[in-house]
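Each ligand, and each atom within it, is numbered from 1 in the order the structure gives.
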Amino acid sequence: MEKDIINEKTSGWLKIDSNLKEKIFDFCKGYIKFLNVAKTEREASKEIISNLKDCGFKNINDVQSLKEKDKVYMINRDKSIYAAVIGSKNITEGVNLVGAHIDSPRLDLKPNPLYEDIKLALFKTHYYGGIKKYQWTTIPLSIHGVIVKPSGEKIEVEIGEKEDDPIFTITDILPHLAQEQYEKKVGKAVTGEDLNVLVGSIPNDDDKVKENIMNLLNEKYGIKEIDFYSSELEVVPAFKAKDLGFDRSMVAAYGQDDRVCAYATLKALTDANAKDKTIVSIFADKEEIGSVGNTGMCSQMFDLFINELLNKKGENTPGALNKTYCNSMMLSADVGAGIDPNYKSTAEENNASKIGFGVELNKYTGSGGKSGASDANAEFVAKVRRIFEEKSVKYQVSELGKVDLGGGGTIAYILADKGMDVIDCGVPVISMHSPYEVTSKFDIYSAYLAYKAFFEED
Ligand code: MN
Ligand code: MN
C-alpha cells in the first residue's frame, strides 16, 4: 500500500523533539501570564496594545501615510483592536487576515445591582454569553471593569485577583436541603435570577448592610449608588490560569475561548516575516452575544480601518474596499470543541478534534443542516492545507459534535459575507464555556505556527 494512504491521526506529543517541546512550554508561559492579566475584553485590549507598541506598531490616527513594513493599529472603544503590517503589494490585491475575539462569557452587574436580603449584601447580575448557570455557584469570583461618572471620570475596578484581595461568590443550597433542586432539569436548577453575588454582611449603626457596603465603595472608588448606571462591571472566575497535568502538557484557565487564539494571533502577527501581502489581525468584542454592537464584528468599524489603510496608502478609489475583501483570505481564529473522554457520546469520533493533535480547522460551523455556516470552499481548504503542510504545522479537520446535537458559530460568516475566503482555525477546548477551560499546549503552539504561516503566505 502507498505510504500515508490512510490519514492516521496521532498526538502531537508522540516522539516530540525536545527542542520543540521546550519552545511549546516557553510559549505557553507567556500565554498563562497573558490570561492572568487579561480577563475581560478591556484588559485584553490593553495588553494587546501594549504588546503591539513594544513591537513598533503605531496608532493609525497618528500616522499620515502608509508604506511597506509600516505597522499600525486602531483601538475601537477600548474593547476591540484591529492591527496591520503593510506589504509591498497593493492592499486591493487582498490581505491575509487572522481574526479572534477577546470577550468571554461572564456575569455583568445589572444597572441597579446592590441590594440587601436577610442582612447580607448582594449584587444582581445578568449573564453575558453561555456558561451553564449552575457552574457559577460556589467558586471564587472577581470583579473587573469601569465606572464612568457623568463628568467623564473613569474609575477602573479590579478586585479579587491579588493574593490579599477579598473574593466574592454565588452560594448554592446544601445537599441536605436540595431535594426540590435535584428534581429540576440541570438547565433550570440554577436560574439567571439566582446568580446573585455575595458581597458583604456587616451592618452600619442603623443596621443596614447595603448602606455599609455603599459607604465602603464610596471610600474606595468615590462612587455613589447611582454611578452603577454608567458602569460596566464584569464578574469572572478568580481562578488563576495554571499548567494542568503531571506532565504539564495542558492549560486550565477561565476565558481561553477565545483568548487562546487571540494570544496566538498576536504573537504570530508580531513575529511574522510577512512578504508582499498586507497582514491584518482582528481582536473582536461581542462575539459571545452575536458580534453585534459597535465593538462587535458586524459593525462598520472594521470597514473604517481597512478604508483608512487604503486612504493612507493612497489606494482608495471607488470599489477599493470591496475589491480588497473579495481578494482577501482569512483564518477565523476561534476555539473548537475537543472530544471529552467523559462525554464521548456527544461527538462522532472520526470528525471530532482531539486535544494535543494540532490546530483545528472547521470547514463549516452552524447547526442542523449547516444553518448559519459560511462553509469554506474546497479550493480554499486545499490552499490552507498546502500552507500548513509546507511549514509542517500539525492540523486536524473536524466539526462541532454530532449532527443535530447542537451547534455554534464564530465571526467567520461576517467576513465571508464581505466576499473573503474564510475558514475557522483554532484550538480545541475541553469544558468550553465553563469557568475553567482546558487546552493542550501543543495545540496552542500549533495555532501560533498556523497563523504565522498564513501571514507569511503571498
Ligand atoms: Mn469563541
Ligand atoms: Mn464562545
Is [X] salt-bridged to [Y], cutoff N-O under 4.0 Å?
{"X": "E457", "Y": "K383", "answer": "no"}
{"X": "K58", "Y": "D70", "answer": "no"}
{"X": "E43", "Y": "K39", "answer": "no"}
{"X": "E41", "Y": "R106", "answer": "yes"}

K53, NZ: over 12 other non-hydrogen atoms inside 6.0 angstrom:
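Atom NZ in K53 is not crowded, with 12 or fewer foreign heavy atoms closer than 6.0 Å.
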
Which protein atoms of type N, O or S are found under 2.8 Å from the Mn ion (ligand 1)?
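The answer is H101 NE2, D257 OD1, D334 OD1, D334 OD2.
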
Kindly confirm or rule out a cation-pi arrangement of K370 over Y364, judged by NZ or CZ under 6.0 Å from the six-membered ring centre and within 45° of its axis?
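Geometry flag: set, cation within 6.0 Å and 45°.
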
